[in-house]
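Naming convention: chains lettered A, B, ... in sequence-line order (proteins, then strands); numbering from 1 in each chain.
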Amino acid sequence: MDITQRCHLLIEDLSVARGERVVLGGVYLQLGSSQLAEVTGPNGVGKSTLLRAIAGFLPLGSGRMSLVESEAMDSAPLAERLHYVGHLDGLKSALTARENLEIGLGILGRGRLTPLDALERLELAHVLDLPVGYLSAGQRRRVALARLLVADRPLWLLDEPLTALDRHARALLKTIVADHLGSGGLMLAATHEPLGLPGTIQVRLGAR
Amino acid sequence: MIRILLVVFLRDVTLARRIGGGGVLGLVFFLSLVTVVPFAIGPDLRLLSRIGPAILWIAALLASLLGLDRLFQADHEDGSLDQMLLSPTPLELIVLVKCMAHWFVTGLPLVLLSPLFGLMLDLDGSALWAVAATLLVGTPTFTFLGAIGAALTVTLRRGGLLLSILVVPLAVPVLIFGVSAAQSGTAPVLTPFLVLCALGLASIALAPIAAAAALRGAGE
């Protein structure tokens, strides 16, 4: 896991407008290697919007974003160096967990763990060849999170990663996140329940 | 990059095979239209064989429109489209490959079975081949033109109707040249066939760019 080099994410004066209405404005954020930021705030304040804007799914009203890597070899666009796991899990119900993860790897590129190893990390190896449509909500979410391990990308954007996970799975996710941060990765999570990792940066939206 | 595109192609073909629907639906629609028309026209075989190519072409156009609304919508609804936006491969190429996969499961069966359906409309040998050859060029053109409409209506729950309104006018030139190329026994056939090929190539080159722009703009 040495592919992730030291890098840091810089967001300056980010704003997102839908039509005439500014839904998110003036966000500054600096996040270095091995750092985790948790975005909190009441419902509807723009947590998901912020993550989707960073992922490049929404047009920016203003502002700049960059992910600077110290060994500046890789100048790929930001969107090609991040993972996004949101409310929609991007899994196809008719395909098995293995097929879904292989497609995830195929589309995102830069493989790390095999689908089997990734599912083993999430203690879900037994569903490898089951169609994802047969799985429970928590198991589906774990398969979606396994995609984080299948393709290697330095920045993880997770929207409510703990939803539908049981206590044990939350602990698993916590160790996976800790490993990712330990190898120099970055993570930004929108969440109501803190992951409880030391050194977490709190970003509070709202109070505008 | 080729590997990524292959993954997307195989994924869409596998999904179509497992879920069913799309391809078979189009075929059944095609078949029922071709079956019903002779009953409506009556027992005039000469008339039937004269308008046969036109009927097959209209049936192919309508059958192509049927499954198109799900081309990007399914991926938009479950978040797969977001993952594609994060891919190092340009969205335009992914759209191109998705259209090819869609044509492979819906358009190609129509082309392959069109000679059989042509027999039901009393077409003779050369006309059967003319229709199959023109449909081989025409159905991918419909798919690619339709992809623009599918991308524009991706966020709409019932986008099928709007999609038809958007796509049918674009498909009219294809229909005109396709039918005139398929009508053997009239004027030289090569010229309209070449125009048809040109329309097809233009749609393959331009439609993915338009569709990808629409998908990016769809945001949320």
Side-chain angles (χ1 to χ4, degrees), chain A residues 16-19 23 46 48-49 51-61 74 76-96 98-111 131-133 140-141 144 147-148 150-151 153 155-157 159, chain B residues 1-24 67 70-98 101-102 105 151 154-155 157 212-220:
Chain A
V16 181
R18 299 264 172 95
V23 287
S48 299
T49 305
L51 260 56
R52 293 185 67 81
I54 296 173
F57 302 150
L58 301 176
L60 293 189
D74 193 357
L78 180 59
E80 293 172 22
R81 288 182 289 157
L82 60 86
H83 264 299
Y84 174 83
V85 179
H87 298 287
L88 305 171
D89 50 27
L91 302 173
K92 290 286 176 193
S93 299
L95 301 179
T96 67
R98 183 207 296 268
E99 287 166 333
N100 267 301
L101 290 175
E102 277 169 357
I103 287 163
L105 170 62
I107 288 176
L108 297 173
R110 289 227 295 202
V132 168
R140 262 189 96 113
R141 164 117 324 215
R147 199 169 48 222
L148 297 170
V150 167
R153 296 190 160 197
L155 174 62
W156 290 4
L157 301 176
D159 199 353
Chain B
M1 190 189 284
I2 299 295
R3 219 177 57 82
I4 296 179
L5 297 177
L6 196 65
V7 164
V8 174
F9 184 85
L10 291 177
R11 161 188 182 273
D12 279 20
V13 172
T14 312
L15 276 173
R17 215 185 58 223
R18 292 232 180 115
I19 299 174
V24 184
R70 296 299 291 169
L71 179 57
F72 301 116
Q73 207 172 39
D75 286 338
H76 181 261
E77 278 165 7
D78 65 15
S80 306
L81 203 59
D82 291 344
Q83 298 298 320
M84 290 174 189
L85 285 168
L86 297 180
S87 175
T89 305
L91 189 61
E92 286 78 3
L93 287 180
I94 293 180
V95 167
L96 177 84
V97 170
K98 279 184 71 70
H102 186 265
V105 294
V154 69
T155 52
R157 268 260 163 241
L215 287 177
R216 286 208 183 89
E220 203 174 288

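Considering all non-hydrogen atoms of both residues, B:S87 and A:I107 come closest at OG-O, 2.7 Å. Pairing each heavy atom of B:P88 with each of A:R153, the nearest pair is CD-NH2, 3.6 Å. When all heavy atoms are compared, the tightest approach of B:L86 to A:H83 is CD1-C, 4.4 Å.
In terms of heavy-atom pairs under 4.5 angstrom with chain B, the leader among A:P131, A:S93, A:G86, A:A94 is A:A94. Of the listed residues (B:L81, B:L85, B:D75, B:L15), the greatest number of heavy-atom pairs within a distance under 4.5 Å of chain A belongs to B:L15.
Remark: A:F57 CZ to B:D82 CG distance equals 4.0 Å, nearest 0.5 Å. Distance CD1/A:I103 to CE/B:M84: 8.5 Å, rounded to 0.5 Å.
Each of A:L108, A:L88, A:D89 was checked for a side-chain contact (heavy atoms from CB on, under 4.5 Å) with B:Q83, and the lone residue meeting it is A:L108.
Two residues are said to be in side-chain contact when any heavy atoms from C-beta on lie closer than 4.5 Å; A:K92 and B:D78 meet this criterion.
Using a 4.5 Å cut-off between heavy atoms, A:L78 makes no contact with chain B at all.
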